[in-house]
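Let me begin by presenting the structure, written as structure tokens, before commenting on it.
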Amino acid sequence: MPTSDPDRAPGRRAARLAVVDPATGETLDEAPDQRPDALDAVVDRARRAWHGWRADPAARTVALRVAADAVEAAGDDLARLLTREQGKPLAESSAEVTRTAARLRHFADLAPRTRRITDGRPVHSEIRWRSLGPVAAIVPWNFPLQLAAAKFAPALAAGNTVVLKPSPFTPLATRLLGSVLSAALPEDVLTVVTGREPLGARLASHPGVRHVTFTGSVPTGRAVAEAAAASLARVTLELGGNDAAVLLDDVEVDRIADRLFWAAFRNCGQVCMAVKRVYAPARLHAEVVEALAQRAKSVTVGAGLDPGTRLGPVNNAAQLARVEQVTKRALADGARAAAGGRRLDRPGYFFAPTILTDVPPESPVVTEEQFGPVLPVLPYRSLDEAVDAANGTAFGLGGSVWGTDLDRAEAVADRLECGTAWINHHAELSLAQPFAGVKNSGVGVAGGPWGLYGNLRPFVVHRPREERR
């Protein structure tokens with residue numbers, strides 16, 4: 001079975017981890033609370049499984065395609081469980097499951113290319129590619145299945161085995177996913193472990209792990225990199241963002257308002273590459289604020305399983321407190337809530353969709369990643385000022401430019417210091433493209449062939465063109 005229980009030793013009862021439904025604030029279920037010292041056996045089994053898994057690329061392709069079919073067949077169960085533990089609307093959970101299956105199919109059909117080097121020497125030099133070994137995939141709570149697949153699909157396709165650790169806030173759907181995949185994958189090729197810290201730290205530092213891929217906060221990412229350095233394991237880190245949307249003076253506010261709103265508020269704003277700041281020309285600022293505030297006031301907020309819900313709760317109590325803290329700080333510093341600005345008076349972790357105006361540019365809600373349903377809208381006088389402000393944080397994941405003149409918008413987008421820039425939309429990715437950030441937003445590349453090669457190492461063979469006698 002690819003889903004590992006914390007203890008395989010007979011007679012020993014595993015500790016349990018309570019999982020809370022964010023729509024109610026009540027315990028939904030429990031998951032095993034893995035002991036860090038049990039990882040030695042888990043990683044050792046992954047290492048032994050690696051020898052067989054890496055040896056047959058054709059079998060891997062078939063297995064990953066079968067795995068994708070199995071995910072789709074279990075889609076309803078996975079989506080409902082994901083919504084209950086994460087909070088997002090059921091339609092968004094279903095889309096996440098679909099994306100998970102799509103990643104498996106995409107990487108099943110990718111293969112590294114052997115390359116021959118001709119450099120004038122009397123030898124044939126050939127670059128081949130080899131897998132790394134066991135990969136540790138550590139995943140956050142905002143997109144548990146989709147981000148897990150973004151890590152394990154290329155790793156498995158490359159011939160590695162994977163030990164997958166979901167967030168302790170959202171372990172249930174990942175454990176179910178592991179069980180679903182067990183029908184398609186050999187034993188111990190993909191193992192799911194669940195638990196509180198220091199489980200993740202121990203996994204990142206384990207000497208048997210050869211690649212650590214992590215998505216989460218900047219401080220935790222630094223700790224992961226330090227832990228992996230002990231065994232010189234490769235690291236891929238996606239550490240969040242503070243994406244800016246720059247509106248040009250020719251933008252048609254009524255045409256882009258819906259797209260802009262949902263670019264900021266999808267998954268209750270809990271998206272690493274969501275719009276988290278809007279810069280609007282001073283003459284259009286009030287119009288932009290009003291258009292976004294109308295949408296924030298009218299959107300249906302509720303439990304993700306309710307058919308009419310468009311915006312669910314914040315995932316956990318700590319994140320809700322963080323969202324409330326940065327909002328209160330902005331309001332205390334002189335900002336005004338054109339919509340929202342407070343927790344909702346109901347069970348669960350609900351915060352009213354919030355549009356802030358008159359926000360001091362040095363406020364943490366502008367300079368840091370709020371990761372919730374709060375969006376500051378700031379005016380600018382010159383385009384240079386807007387670009388400087390957009391580039392003025394420690395993050396550099398994504399950004400976008402919105403306007404009618406596409407050539408001008410593209411020229412502005414080219415000035416943004418980020419890994420991906422969009423024009424008149426935001427946070428839309430193809431499975432075939434690279435995804436990476438700059439500055440504190442991460443190290444390494446995911447997505448497409450770049451994600452595949454990130455899980456491989458080159459192996460060079462030199463052979464004489466003719467045997468010398």
Side-chain angles (χ1 to χ4, degrees), residues 135-152 154-155 164-170 197-201 203-205 209 211-230 233-244 263-264 266-277 314-316 318-319 322-323 326 364-372 374 390-400 416-422 426-427 429 433-447 450-451 454-455:
V135 172
I138 304 174
V139 180
W141 45 259
N142 58 332
F143 289 93
L145 303 187
Q146 183 172 319
L147 289 175
K151 299 178 185 306
F152 69 64
L164 171 61
K165 182 200 169 294
S167 164
F169 293 115
T170 53
E197 284 305 314
L199 182 64
L203 181 58
S205 64
V209 167
H211 179 197
V212 182
T213 172
F214 167 84
T215 298
S217 70
V218 173
T220 305
R222 288 196 176 105
V224 165
E226 291 175 3
R234 185 178 300 184
V235 293
T236 302
L237 307 175
E238 194 269 279
L239 305 180
N242 189 0
D243 291 14
R266 182 170 68 94
N267 197 22
C268 203
Q270 299 166 127
V271 182
C272 59
M273 54 183 173
V275 169
K276 298 186 174 75
R277 302 170 284 153
V314 175
N315 173 257
N316 58 78
Q319 188 59 30
R322 160 71 179 165
V323 170
V326 296
V365 79
V366 176
T367 61
E368 300 174 10
E369 183 179 29
Q370 66 272 37
F371 217 68
V374 178
N391 292 336
T393 76
F395 295 94
L397 193 60
S400 56
L416 297 181
E417 296 172 357
C418 57
T420 306
W422 296 270
H426 196 105
L429 295 174
Q433 76 181 65
F435 181 63
V438 300
K439 298 189 282 189
N440 282 358
S441 284
V443 175
V445 183
W450 300 270
N455 285 280

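As the structure is a prediction and not an experimental result, all values here were calculated from the model. Keep in mind that the numbers below use all heavy atoms, side chains included, and drop hydrogens, waters and symmetry copies.
A donor-acceptor pair is defined here as one N or O able to donate and one able to accept, closer than 3.5 Å; no such pair exists between the side chain of R322 and the backbone of G372. Of the possible donor and acceptor atoms, none in the side chain of E226 sits under 3.5 Å from a partner among the backbone N and O of A228. Judged by distance alone, the side chain of H426 and the main-chain N or O of A264 form no donor-acceptor pair under 3.5 Å. A donor-acceptor contact shorter than 3.5 Å is absent between the side chain of R266 and the backbone of A274. Proximity of a side-chain donor or acceptor of S441 to a complementary backbone N or O of G396 within less than 3.5 Å is detected. Formation of a donor-acceptor pair under 3.5 Å by the Q370 side chain with backbone atoms of V323 is not found in this model. Put simply, the side chain of N391 never gets that close to the backbone of L416: no donor and acceptor are under 3.5 Å apart. Side-chain atoms of E369 never come within 3.5 Å of backbone atoms of G240 as a donor-acceptor pair (strictly under, hydrogens ignored). N267 contributes a side-chain N or O that, together with a main-chain N or O of N142, makes up a donor-acceptor pair within less than 3.5 Å.
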**OP:** Let me see the working for L239 and K439 under side chain to side chain contact (heavy atoms under 4.5 Å, CB included), right down to the final yes or no.
**Re:** CA-CA 10 Å; L239 305 180; K439 298 189 282 189; over 6 Å; no

**OP:** Report the C-alpha distance between T215 and K151 in whole Å, list the side-chain angles of each, state the deciding distance to 0.1 Å, and finish with yes or no for side chain to side chain donor-acceptor pair (under 3.5 Å).
**Re:** CA-CA 10 Å; T215 298; K151 299 178 185 306; 2.8 Å; yes

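Separating the CG atom in N315 from the CZ atom in F371 is a distance of 9.5 Å, to the nearest 0.5 Å. Taken from CG in L147 to CD1 in I138, the straight-line distance is 13.0 Å, to the nearest 0.5 Å.
In summary, of the residues considered (V438, V218, T367), a side chain to side chain contact (heavy atoms under 4.5 Å, CB included) with F395 occurs for V218 alone.
Closest non-hydrogen pair, P144 versus V139, comes out as O-CG1, 3.5 Å. The two residues A225 and L237 come nearest to each other via the heavy atoms CB-CD1, 4.0 Å. Scanning both residues, W450 and P434, for their nearest heavy atoms gives CZ3-CD, 3.3 Å. Scanning all heavy atoms of the two residues, the minimum distance from A201 to A227 falls at O-CB, 4.2 Å. The shortest heavy-atom contact between Q270 and F143 is O-CE1, 3.8 Å.
In this structure, L397 and E238 have side chains that are in contact, with non-hydrogen atoms separated by less than 4.5 Å. Annotation: side chain of F152 is not in contact with side chain of N455 (no heavy-atom distance under 4.5 Å). Residues D243 and C418 fail the side-chain proximity criterion, which asks for heavy atoms closer than 4.5 Å. Annotation: side chain of V212 is in contact with side chain of V224 (closest heavy-atom distance under 4.5 Å). Put simply, the side chain of Q319 does not reach to within 4.5 Å of the side chain of F169, judged on heavy atoms. At least one side-chain heavy atom of F435 sits less than 4.5 Å from a side-chain heavy atom of T420.
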